[in-house]
Amino acid sequence: MNESLLMLTVMAAIGLGTPLIFATVGEILTERSGILNLGVQGMMLIGAVAGFWATFTTGNLFLGVVIAIFAGAALSSIHAFLSITLRVSQIVSGLALAIFGTGLASFLGRAGGNPLVGNPSRAVFEPVFTGSITEIPLIGPLLFGQDLLVYLSWAIAAGASYYLFHTRMGLSLRAVGEDPASAESAGVNVSRIRYTHVLIGGALAGLGGAYFSLALTPTWQDDPIGAAGWIAIALVILSSWRPGRAVFAAYLFGAAERVQFTLQTLGEPWSDIPSTLLAMLPFVLAIIAMIVLTSGKRARYLGAPEALAIPYFREQR
Amino acid sequence: MTQAPTDTLAVELCGVDKSFYGVKANDNVDFKLAQGEVHALLGENGAGKSTLCSILAGLYRPDAGDVFFEGEEVTFKNPKEALASGVGMVYQHFRLVSNLTVAENFALGHPDTGVRLNQKEIHKAARELGEKYDLPIDPAARIWQLSVGEQQRVEILKLLYRNVKILILDEPTAVLTPQEGQALFKTMRQMAAEGRSVIFVSHKLDEVKQVSDRVTVLRNGKTVGGVATADADTRELARMMVGRDLVLPTRDTVEDFGDVMLSVKDLHVPGDRGLEAVRGMSFDIREGEVIGIAGVSGNGQRELAYGLVGLRKPSAGSVVLDGADITNNTVLEHIDAHQGYVPQSRLGMGLAPGLTTDENLALKAYRSPPYSKGRRLVASAFRDEGDRIVDEYDIRGVRPGLPIRLLSGGNLQKALVAREIELEPKVLILRSPTRGLDVGATEQVRNLILKERARGVATLLISEDLDELLALSDRLLVIFEGEIVGEMPAEEATAERLGLLMSGQVEEASA
């Protein structure tokens, strides 16, 4: 593989990995509070359509991002209410959210007199820096050839990591996810922590969705994000609930998605491998990673929050 | 006592009511706590002590009644408000997040305004506090790495770190060896001497006599009375607590037992975290013999029971029941070999909470007649057998068709023990069979166990309650960190000797 082809693959992996970082870090924060939200796919799609619509209507890219964040958070509030206040099964509620969000996004893309579907975005995220700085070998494009949201994803992953392990709020969050009864006895408001972080998770999923429709493939189509939402849920486990590791996990999967195109350009014998087979690669990788990580003794060091997906009743005896 | 408590009232509760599922846990309770005193709350299990404390600590809200804190009426909406006012509680089941460090548990929910978590500062404060109260701890240790006694230290220091004025200790000595209990009493007196008030919940009269300034006695959710400890006579306190003079049944001495029924050789059983929890235990139980396993909880008792009944595969060693090796048998094969098992958690493992009493009573026997005909279940047999067992074992409160979880703790336990006895066991494995029961139910369950002993059943009694062990066991083994560190006939056992062994400080060569 020559150098420029490797560079292309790495750059593409960063692009494809960026929405996964947003969604994965969001889901990590949600799950750290003890709430499992399987609706990431739905929230990402709603973020994607809402962000695209806002930018399509106003031409303002940043408004699109803001609307996407709010849309994702709004959808997640349904899950928060159902799972925290009403204490319904989080699996059922999350799956319902995924199906609902998928259908709603598709509907919104086709609704109205001038539907979004098939239209290109009026504005697109472009690399922030231009000129000679991006021409430094290797680190030039890697560090300076990215758009704003890529830098934001790095900041969010680093910020979430600091928040989780070095702030009082982060400590409360971890405690609520591990043992809500003990956290409450220590004076932590369990419901508030859980609501807050389900909403943050939804907001970040919405942002991840918008990255697809405003940067990666800035045209509205029915299925703009593939299975990114489902992969993000797997990445949470792969990164063992640590935001820092989510970056590497996301890029690994970004690369896996890109490899099929890279192999095509390499010519014989690589291009003979059926592309449908290669398209499976990220999912096969996800399954293998899960098996390796959750089997045997390793599972104990994984660090899944102990109270994950368990509703909390205070006066239970 | 070291220092006379002041007359200033720290807390007053008037006419407090609290019900759970229609059962009154607190019924018009009055309680007064003076500043600087150690105040014992005495009562049987289920008398409403824990409920009263939980109300004071803001965990439960009373259905009726008033709470006065330093003369002002308050309603604590949650534990946070109670803590902010200076009321902290050490629960029976510790409220520590086990995957976090000691220092992180200190910082959790602390009202400090800082955003950043300053680990260094908290470590220093924790260490200093530990030195001041002579309760040394390692701030960097994770809670799950600590022994139960150490965890209790962390709980108490955590509250002192918040500088609480009122400490509620709910049955703190239940998880301690007698020696650790003495050290705790010293700490309690030290805290009272500083002007803090300590509520000491217990059902053990001698402890109450030793450490408290005043006693309030609860029975069936009601206040029976309050007296200065110095004026109280132990017999009188006992009568106030139980409501009558009562002597619990104990075994009679038997000289020779039958043949060896259960033989355990060099048994190793893995724990939850992969390490071995039972590390080479060997003992024999003969027909009609009760062997008691004494130890502080968490020293391998659970894994020993799991290993013996087939719930967890032993990693080495053998278990032989009536001549047949059952080491690697399934749970069903253990049942078929007439091995009865009463687990510690009645509703968690022992009974299916959502099924009816009849169904629960048939849960181990339903595969054979009269419950089954071929592959079909016989509904009338469930009913008839159920009625017979309920009647025979005096299980009260049973309503046909309703789930068993609605029964009281004592009746649940009677149902569970009855089901195991109905299997005509050759071996009975019992874990804390009278834990949390009132005296009446304790009496009935003890009698059932002694009746089986007389029938020739080999019984293993795994318990943390020394009184129960001493009353029922013929021979006592002491378990510490998964090994037997001492063995003696019950006649030679004393609380002191057992306590030293349980804490792992001494080891006696086993006979």
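Heavy atoms only: backbone and side chains are in, while hydrogens, waters and symmetry mates are out. Predicted model, so just to flag it, every value in this text is computed and none were measured. Proteins get letters first, then strands, A, B, ... in listed order; numbering begins at 1 in each.
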For the atom pair [atom1] ([X]) and [atom2] ([Y]), what is the distance rounded to the nearest 0.5 Å?
X: B:Leu100; Y: A:Leu171; atom1: CG; atom2: CG; result: 6.0 Å
X: B:Glu104; Y: A:Ser172; atom1: CD; atom2: OG; result: 11.0 Å
X: B:Leu117; Y: A:Tyr163; atom1: CG; atom2: OH; result: 12.0 Å

Given that the side chain runs from C-beta out, which part of A:Phe165 has a heavy atom under 4.5 Å from chain B: side chain, backbone, both or neither?
->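 Looking at A:Phe165, just its backbone touches chain B.
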So does B:Glu121 have more than 12 non-hydrogen atoms from other groups sitting under 6.0 Å from CD?
->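 Not more than 12 within 6.0 Å, no.
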Regarding A:Ser182 and B:Arg95, is there a side-chain donor-to-acceptor distance under 3.5 Å anywhere?
->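 Looking only at side-chain atoms, B:Arg95 and A:Ser182 do not form any donor-acceptor pair under 3.5 Å.
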Most heavy-atom pairs under 4.5 angstrom with chain B, which of A:Arg168, A:Glu306, A:Glu178, A:His166?
->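 Result: the option with the highest number of such pairs is A:Arg168.
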Using a cut-off of under 4.5 Å for heavy-atom pairs, which of A:Ala175, A:Ala183, A:Gly170 has the most such pairs with chain B?
->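 Heavy-atom pairs under 4.5 Å are most numerous for A:Ala175.
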Can you say whether B:Tyr91 sits under 4.5 Å from chain A via the side chain, the backbone, both, or neither, judging by heavy atoms?
->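 Just the side chain, heavy atoms under 4.5 Å.
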Does a side-chain heavy-atom distance below 4.5 Å link B:Arg116 with A:Thr167?
->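 No. Closest side-chain heavy atoms not under 4.5 Å.
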